[in-house]
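To start, the structure itself, in structure tokens.
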Amino acid sequence: MISSIDDPGPSYLQKTQKIRALAKEMESLFLAEMLKHSGFGEARENFGGGIGEAQFADFLRQEHAQSLADRGGIGIAENIFKALEAYSNGY
């Protein structure tokens, strides 16, 4: 079946989903860095978790950042998506 101009076809939809996932991942990485610089997940001075807590702090920050991005984040993913989509379409 030949697709019309109005029907973008599965390849367009797959490309759009891939771009959106990349944009969300980029926002998640940005949020993880911001959480790191804000001190989120750092070991406490008294009764801290020791070396184990320090080693897994990055995993905790990344999971929180991914959760934030999945809930809509702070709007960076949408802007990245629009820029990447325009770039992939040659604009």
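FYI, the numbering just counts along the sequence from 1.
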Between CE of M26 and CG of N79, what distance do you get to the nearest 0.5 Å? 11.5 Å
S88 and I19 have their tightest heavy-atom pair at OG-CD1, 3.6 Å
Going by the rule side chain to side chain contact (heavy atoms under 4.5 Å, CB included), which residues pair with A32 if we only count those two or more places apart in sequence or in a different chain? Q62, A65
Once rounded to the nearest 0.5 Å, what's the spacing between atom NZ of K24 and atom CD of E78? 10.5 Å
Quick one: pull up CZ in R61 and OG in S28 and give me the separation to the nearest 0.5 Å. 12.5 Å
Would a single hydrophobic cluster contain both L68 and L22, if residues Ile, Leu, Val, Met, Phe, Trp and Tyr are joined by side-chain heavy-atom contacts under 4.5 Å? no
Going hydrophobic residue to hydrophobic residue with side-chain gaps under 4.5 angstrom, can you get from L35 over to L29? no
Taking atom types as modelled and ignoring hydrogens, do the side chains of T16 and R20 form a donor-acceptor contact shorter than 3.5 angstrom? no
Between atom NZ of K36 and atom CG of L60, what is the distance when rounded to the nearest 0.5 Å? 13.5 Å
Are L31 and F56 in one and the same hydrophobic cluster, where Ile, Leu, Val, Met, Phe, Trp and Tyr link if side-chain heavy atoms are under 4.5 Å apart? no
May I have all residue pairs that pass ring-ring contact (aromatic ring centres under 6.0 Å, His included) and include part of residues 61-88, sequence neighbours excluded? F40-H64
